[in-house]
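The structure appears right after this line, and notes come after that.
Each residue takes its place number in the sequence, starting with 1. Values below: every heavy atom of this structure, side chains too, minus hydrogens, waters and symmetry copies.
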Amino acid sequence: MASLARITAGLSPHAVLDAWSDWAMHLARAPGRQLELIEHAQTNWLKLAQFAASTAEDSTADKPFTPGPNDTRWSHEGWNAAPFSVWQQGFLGAQDWWQVATADLPGLRGLNARRTGFMIRQLLDTVSPANFPHANPEILEAIWKTGGRNLVEGAANFADDALHLLAQEHRPVPDDFALGKKLAATPGAVVYRNDVMELIQYAPTTRKVHAEPILIVPAWIMKYYILDLSPENSFIRWLVDQGYTVFCISWRNPGAAQAHLSLNDYRVQGIMQALDVINAIVPGRKIHANGYCLGGTLLAIAAATMAREHDDRLATVTLMAAQVDFAEAGELLIFLDESQVAFLEDMMWAQGYLDRPQMSGAFAAIRSEDLIWSRAVRRYFLNEPDLPTDITVWVNDTTRMPAQMHSEYLRGIFLENRITAGRYAVDGRVIALKHIEVPMFIVATETDHIAPWRSVYKTALFTDCDLHLLLTKGGHNGGILSEPGHERRHYRISHRPTGAPYVDPDTWFAAQSPKAGSWWPEWAEWAATHSGEMTDPPNMGAAGLGYTPLARAPGTYVFQP
């Protein structure tokens with residue numbers, strides 16, 4: 001079973017065949033839909049024929065089909081001229097027809113409808129005219145200008161990428177973005193280390209600090225420094241400059257030796273251990289806990305468990321782009337069902353972890369037109385280098401997932417949705433989010449395809465505490481990295497008092513007017529209202545209690561390949 005899973009790269013053939021057979025059988029018994037598809041095909045062909053005829057007389061004729069918002073393959077002006085514009089419209093017309101053909105049918109399971117639509121998009125993208133030199137005006141222009149040198153050098157780029165892929169080599173971080181110097185460069189020290197994480201305490205930059213410290217819990221699916229990128233967009237550095245004492249978890253990049261680590265190990269040896277260390281360094285103070293992505297999901301579990309056990313060490317809880325209910329978890333649901341999870345479990349059983357390419361490939365496939373095909377054209381046909389940015393360096397610095405922990409997450413949290421169903425147990429007893437009584441602050445992002453904002457919004461449905469809900473412009477990463485001064489940023493925010501009735505997301509959205517600017521000051525002001533007086537900064541670590549600084553920030557775990 002593990003060998004078969006490796007051959008298919010963790011993809012379940014049963015899930016693929018089940019989706020297509022479900023779609024085909026329900027389409028076969030729906031003559032009305034068949035007639036609609038025939039009519040739609042005729043309409044699309046007529047639109048294309050009319051456009052092709054009009055381009056012979058007017059090159060500025062309106063195009064009947066438009067690409068998606070993330071599709072950057074057609075940005076070159078050459079696509080506005082015949083015959084390239086006709087080829088482009090023919091491809092987009094076919095894409096439009098298949099989108100209608102794989103829409104919901106009576107009796108067709110919703111997951112299979114989305115799955116067939118996803119798979120046909122992947123197949124169509126392989127035959128896009130943008131992928132072929134003779135059909136892409138941008139490539140032909142480059143060939144004319146360079147005498148074909150772009151194809152020769154692009155072939156060398158392809159060979160280099162292929163060798164790295166076959167060897168499973170992890171490309172090092174470029175020197176221009178060296179960790180600890182350019183990225184993850186906020187001064188601090190590792191004050192605790194165990195088999196799961198390092199805890200970093202950041203050095204103060206203000207004479208006085210807020211009495212209550214902040215603990216940041218990042219996702220373990222990537223490295224923590226998304227929140228400490230370049231100095232100008234580092235959330236951690238900005239918080240320190242606002243007078244907060246900040247601690248951050250840096251998760252270990254696990255290997256086969258950590259295959260046994262469970263979700264509860266990450267809770268106990270990660271969040272709970274971090275709280276113990278912070279209590280020793282900053283005694284007698286409650287803690288603002290801030291979780292990002294899956295780190296926020298884990299923090300919600302930890303906060304609900306602490307509430308059940310009357311552990312009152314938290315001052316507030318903030319969840320950034322983090323879901324607690326996964327019924328509407330976006331496009332990642334396409335990849336998951338019982339068969340698919342079983343294949344991934346078999347593969348992880350053999351190697352002890354979910355490897356980087358298997359995970360990053362799923363995220364890239366969701367936006368394949370931009371993340372896979374546009375990049376391939378630029379790199380292999382146009383010989384354009386991958387110019388790194390701080391966020392692309394972070395995206396490529398991927399991690400592995402321990403087998404047991406990832407299996408528990410996929411099956412228990414994602415697939416079976418146990419947290420909000422009242423079936424997630426910690427230490428043999430179920431937890432309930434409504435037991436959380438401390439103030440909460442929820443941050444969602446408008447164009448998030450990993451944690452859709454309406455799914456993040458559901459936190460309001462399953463909690464009763466005082467809650468601020470904020471929706472900011474941007475995606476899963478870009479929306480969170482919304483530093484003051486960032487151009488064209490806005491957000492919506494509301495306050496729900498304890499026990500107030502639930503409002504559905506669309507009604508909420510319509511009632512909230514956008515505010516210009518970054519959401520960071522809004523959050524800092526909210527945290528300050530739940531903090532005590534300003535005080536002298538605490539010492540770095542607590543040597544007398546065994547928490548002597550072990551290394552300078554960003555520590556050692558962040559460098560693990």
Side-chain angles (χ1 to χ4, degrees), residues 10 12 15 19 109-115 118 217-222 262-264 266-267 291-305 317-345 348 354 359 362-363 365-366 401-402 404-426 430-436 440 442-463 467 469 471 475-477 479-480 502 504-505:
S12 167
R109 280 178 289 170
L111 174 61
N112 282 340
R114 294 190 298 273
R115 189 170 279 171
F118 172 81
V217 184
W220 57 83
I221 202 167
M222 298 290 284
S262 66
L263 262 175
N264 199 49
Y266 272 69
R267 181 187 69 88
Y292 178 43
C293 188
L294 296 184
T297 305
L298 186 64
L299 175 59
I301 293 172
T305 305
V317 171
T318 298
L319 306 181
M320 301 189 303
Q323 301 172 92
V324 296
D325 181 271
F326 290 80
E328 301 176 81
E331 293 174 298
L332 287 177
L333 281 173
I334 293 171
F335 298 93
L336 288 183
D337 60 12
E338 282 289 345
S339 177
Q340 186 61 67
V341 171
F343 263 72
L344 289 174
E345 288 176 336
M348 291 189 296
L354 185 69
M359 180 181 60
F363 286 103
I366 293 174
M401 302 292 105
Q404 182 172 335
M405 181 276 293
H406 201 55
S407 176
E408 291 174 352
Y409 164 70
L410 290 178
R411 185 173 296 281
I413 293 180
F414 209 108
L415 189 60
E416 299 179 2
N417 204 16
R418 293 181 185 175
I419 297 176
T420 54
R423 294 186 292 109
Y424 190 86
V426 176
V430 296
I431 59 171
L433 298 176
K434 67 178 182 180
H435 291 160
I436 300 174
M440 295 186 71
I442 309 301
V443 181
T445 60
E446 291 180 350
T447 57
D448 198 329
H449 64 284
I450 295 174
W453 79 262
R454 286 177 174 82
S455 182
V456 173
Y457 182 93
K458 281 189 169 184
T459 306
L461 179 61
F462 297 101
T463 58
L467 183 142
L469 197 143
L471 178 64
H476 188 70
N477 299 317
I480 300 303
Y502 174 73
D504 69 88

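Checking side-chain atoms of T459 against main-chain N and O of V456 turns up a donor-acceptor pair under 3.5 Å. Side-chain N or O atoms of R423 include one that pairs as donor or acceptor with a backbone N or O of E416 at under 3.5 Å. In this structure, T445 contributes its side chain and G479 its backbone to no donor-acceptor pair below 3.5 Å. Checked by atom type and distance alone, the side chain of T463 never pairs as donor or acceptor with a backbone atom of K434 at under 3.5 Å. Judged by distance alone, the side chain of N417 and the main-chain N or O of F326 form a donor-acceptor pair under 3.5 Å.
Of all the heavy atoms in A342 and R411, the pair that sits closest is N-NH2, 4.2 Å. Nearest heavy atom pair, residue L294 against residue A219, reads N-CB, 3.8 Å. Nearest heavy atoms, A300 versus L433: O-CD2, 3.9 Å.
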#### Entry: Worked check of side-chain contact (heavy atoms from CB on, under 4.5 Å) between H476 and Y292
CA-CA 10 Å; H476 188 70; Y292 178 43; 3.9 Å; yes
### Task
Tell me, with the steps shown, if S407 and E345 meet side chain to side chain donor-acceptor pair (under 3.5 Å).
CA-CA 6 Å; S407 176; E345 288 176 336; 2.5 Å; yes
### Derivation and outcome, side-chain contact (heavy atoms from CB on, under 4.5 Å), residues W453 and D448
CA-CA 7 Å; W453 79 262; D448 198 329; 5.8 Å; no
### Query
Passes side-chain contact (heavy atoms from CB on, under 4.5 Å), M405 versus M401? Steps please.
CA-CA 7 Å; M405 181 276 293; M401 302 292 105; 4.2 Å; yes
### Message
Does L410 form a side-chain contact (heavy atoms from CB on, under 4.5 Å) with L415? I'd like the steps, not just the answer.
### Response
CA-CA 6 Å; L410 290 178; L415 189 60; over 6 Å; no
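The six-membered or imidazole ring of H406 lies away from that of F414, with a centre-to-centre distance of 6.0 Å or more.
Not a single ring pair (Phe, Tyr, Trp, His ring centres under 6.0 Å) links Y424 to another residue, sequence neighbours left out.
Note: R109 CZ to R114 CZ = 11.5 Å, rounded to the nearest 0.5 Å. Taken to the nearest 0.5 Å, the CD1 atom of I413 stands 6.5 Å off from the OG1 atom of T297. Between the CG atom in D337 and the CZ atom in F343 there is a gap of 10.5 Å [rounded to 0.5 Å]. Summarising the geometry, atom CG belonging to N477 is positioned 8.0 Å from atom SG belonging to C293; distances are rounded to the nearest 0.5 Å. Remark: I431 CD1 to I419 CD1 distance equals 6.0 Å, nearest 0.5 Å. Distance NZ/K458 to CG/D504: 12.0 Å, rounded to 0.5 Å.
Side-chain contact, Q323 with S455: a donor N or O sits under 3.5 Å from an acceptor N or O.
Put simply, the residue from T318, L319, V324 that forms a side-chain contact (heavy atoms from CB on, under 4.5 Å) with I442 is L319.
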